[in-house]
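Single-structure report; data block below.
FYI, side chains are in, hydrogens and waters are out, and symmetry mates aren't considered; it's all heavy atoms of this structure.
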Amino acid sequence: MERSPMGDAQFLKALQMHLSKKRESLPARIADKIDSIMFILKPDRVNNGLLRSRCFNGIPEDLPGLRPLCWKIIMGYLSSEKTGWDSELHRWRQNYRDFLKEFILPVVSDSPPAPPIEESPEDRKKVIHLPRSPTSDHPLNVDGKSNWKTFFEDLELWDMIEKDTKRTRSDMNFFLQPTRRKTTFTNRFSHIPRPQCQEDLFIGQETHNEVLLRILFIYAKLNSGVSYVQGMNEVLAPIYFCFSNDSDEEARENAEADSFWCFLNLMAEIKDAFVKGGGTTSTLGIQERVRKVHVLLEKTDKELKDHFEREKVDPIYYCLRWVMLLFTQEFELGLVMTVWDSILSHDNKLEYVLYISAAILMLRRDELLQGEFAEILENLKKIGEMDVYQILIKANDLYACLLYTSDAADDLLCVDLGGRRIIKKKK
């Protein structure tokens, strides 16, 4: 079994030692915050709810390795029982390697090549009529069970994802750089010349965006109902970036597998944002969910909501990307991860994203009230200039005092304590 520093007390001890060395250079507030998280991680059984409440207010970056570990726990990848981490990580990472073999790696036949068939002159004169077999396979076969048809569909899916992953976080070079991992992979489509493959800067070297491509392709193959939707690459990016920069070498080497399972868990909660339409009460399409931002404005700032309606500013115009991509395109990646500390720690992630959206609008209300349609939309393209900590404080205040807007909870008052919901009956 592979050794995983994440699965025993040694890695936590290493974090503690690192903290001891850096303590004098850290502000007291940051050191205390790290101490409070480390204290929760110390017992054999981690209190997940308490950990979420601490992470909700931000995980300090001053202790490398702390955020990757916390994210793996609060995203449900690692269980609360620390004694099981070794076996869990070994099992999940092996399962991912099996997916690589099934969906990504070139197919290699174990059968020896057939011996050549010797023909006599008489055989060459014979006309052999082969029966038309409905199961005979060839590249033009459109039968649903055709291996060729599946191959070309997979190739189309691969190319679509590849175009997006090559543009992931175009504001930084990280995803274009080589992974420099000990183990790299080829794929079953690499021998087929395609235009976009000629754009690679590091020919023959595995880059980080290729890792994203593999993860997303496997996800699409395993989840045919959702498959791949443009933007999923941007949702995956913070997870993979976080794990790829872990302070632990073994964890970095397994960043791909760990990222896949955490992405899978996250998508299980937010995939409604990638489902078109709202055909059932249990599946809210992205448009229906985004428009709930104005329902929040109705309760918090009716003047601003009425102004938007007069100017015909539909939430789809400005909020679609916020909700669908969890603000990954609005801030530089370091700040995105700060926002994600709160989102990932929350019990109701998509709902909380709406409160963050409402908080942004309320913090910019003065400027927005003075603008017309074009000016409003232009203003809301620049939220990257805002203080994310102020946004999160405002969002949490809103969530702590507002009524639920869903029909199923009209009679409930929701109070948030660091990402943990307490539901109280309205009087």
Is the gap between the ring centers of [X] and [Y] under 6.0 Å?
X      : Y      : value
Tyr219 : Phe263 : yes
His208 : Phe241 : no
Phe217 : Phe103 : no

Do other residues, nucleotides or ligands put more than 12 heavy atoms under 6.0 Å from the CD atom of Glu375?
yes

Could you tell me whether Glu298 atom CD has more than 12 heavy atoms of other residues or ligands within 6.0 Å of it?
yes

Between the side chains of Tyr240 and Asp258, does any donor sit under 3.5 Å from an acceptor?
no

Ser79 and Glu88: side-chain donor and acceptor closer than 3.5 Å?
yes

Is Glu332 reaching over with its side chain to a backbone N or O of Gly334, donor-acceptor style, under 3.5 angstrom?
yes

Could you tell me whether the side chain of Asp341 and the main chain of Ile59 form a donor-acceptor pair under 3.5 Å?
yes

In terms of ring plane angle, is the pair Phe373 and Tyr317 parallel, tilted or perpendicular, where the classes change at 30° and 60°?
perpendicular

Ring-plane angle category for Phe308 and His294, please: parallel below 30°, perpendicular beyond 60°, tilted otherwise.
tilted

Hey, does [Y] have a side-chain heavy atom less than 4.5 Å from the side chain of [X]?
X      : Y      : result
Leu66  : Cys70  : yes
Gln230 : Met160 : no
Trp71  : Trp340 : yes
Val235 : Ile270 : yes
Lys381 : Tyr318 : no
Trp322 : Val293 : no
Arg252 : Ser244 : no
Leu380 : Leu368 : yes

Run the side-chain hydrogen bond (donor to acceptor under 3.5 Å, both in side chains) test against Gln370 and tell me which residues pass, sequence neighbours left out.
none

Please identify each residue that fulfils side-chain hydrogen bond (donor to acceptor under 3.5 Å, both in side chains) with Glu385, with sequence neighbours left out.
none

List the steps and the verdict of side-chain hydrogen bond (donor to acceptor under 3.5 Å, both in side chains) for Gln94 and Asp98.
CA-CA 6 Å; Gln94 182 57 53; Asp98 291 340; 3.2 Å; yes

I need the minimum non-hydrogen distance between [X] and [Y], along with the two atoms involved.
X      : Y      : result
Ser357 : Val323 : OG-CG2, 4.2 Å
Gly371 : His307 : O-NE2, 2.8 Å
Ala395 : Tyr355 : CB-O, 3.7 Å
Ile376 : Val313 : CD1-CG2, 3.9 Å
Val290 : Ile316 : CG1-N, 3.9 Å
Phe331 : Arg169 : O-NH2, 3.2 Å

Trace of the side-chain hydrogen bond (donor to acceptor under 3.5 Å, both in side chains) decision for Thr165 with Glu162
CA-CA 5 Å; Thr165 55; Glu162 185 178 38; over 6 Å; no

What's the spacing between [X] [atom1] and [Y] [atom2] if we round to 0.5 Å?
X      : Y      : atom1 : atom2 : value
Ile391 : Ile360 : CD1   : CD1   : 4.5 Å
Ile218 : Leu213 : CD1   : CG    : 9.5 Å
Leu216 : Met232 : CG    : CE    : 8.0 Å
Leu354 : Ile356 : CG    : CD1   : 9.5 Å
Phe175 : Ser170 : CZ    : OG    : 11.0 Å
Phe152 : Asp154 : CZ    : CG    : 11.0 Å

Does the pair Glu206 and Arg214 meet the rule for a salt bridge (Lys or Arg N to Asp or Glu O under 4.0 Å), with working shown?
CA-CA 11 Å; Glu206 177 187 82; Arg214 287 198 296 265; 2.8 Å; yes

Can Lys394 be said to sit on top of Tyr389's aromatic six-ring, NZ or CZ under 6.0 Å from centre and within 45° of the ring axis?
no

Could you check Tyr96 against Ile215 for side chain to side chain contact (heavy atoms under 4.5 Å, CB included), going step by step and ending with a plain yes or no?
CA-CA 9 Å; Tyr96 183 75; Ile215 294 173; 3.6 Å; yes

Answer yes when [X] and [Y] have at least one side-chain N-carboxylate O distance shorter than 4.0 Å, and no when they do not.
X      : Y      : answer
Lys305 : Glu309 : yes
Asp246 : Arg67  : no
Glu330 : Arg321 : yes
Lys302 : Asp306 : yes
Arg97  : Glu256 : no

Could you pull out all residues at least two apart from Arg29 that satisfy side-chain contact (heavy atoms from CB on, under 4.5 Å)?
none

Just do the side chain to side chain contact (heavy atoms under 4.5 Å, CB included) check on Ile104 and Trp158 with the steps written out, would you?
CA-CA 10 Å; Ile104 303 293; Trp158 181 272; 3.5 Å; yes

Go through the steps to decide whether Lys349 and Leu266 satisfy the test side chain to side chain contact (heavy atoms under 4.5 Å, CB included), and finish with yes or no.
CA-CA 9 Å; Lys349 296 174 179 54; Leu266 177 60; 3.9 Å; yes

Can you tell me which residue among Ile34, Ile30, Leu69, Ile37 is in a side chain to side chain contact (heavy atoms under 4.5 Å, CB included) with Leu63?
Ile34

Thr328: which of Val336, Leu333, Thr168, Asn233 passes side chain to side chain contact (heavy atoms under 4.5 Å, CB included)
Val336

Evaluate Arg52 against Asp347 for side chain to side chain contact (heavy atoms under 4.5 Å, CB included), listing each step before the verdict.
CA-CA 9 Å; Arg52 284 172 178 266; Asp347 291 334; 4.2 Å; yes

Check the pair Glu102 / Lys221 against salt bridge (Lys or Arg N to Asp or Glu O under 4.0 Å), numbers first and verdict last.
CA-CA 10 Å; Glu102 181 178 357; Lys221 291 292 291 180; over 6 Å; no

Given Tyr228 and Asn223, is the side-chain hydrogen bond (donor to acceptor under 3.5 Å, both in side chains) satisfied, shown in steps?
CA-CA 9 Å; Tyr228 172 78; Asn223 297 270; over 6 Å; no

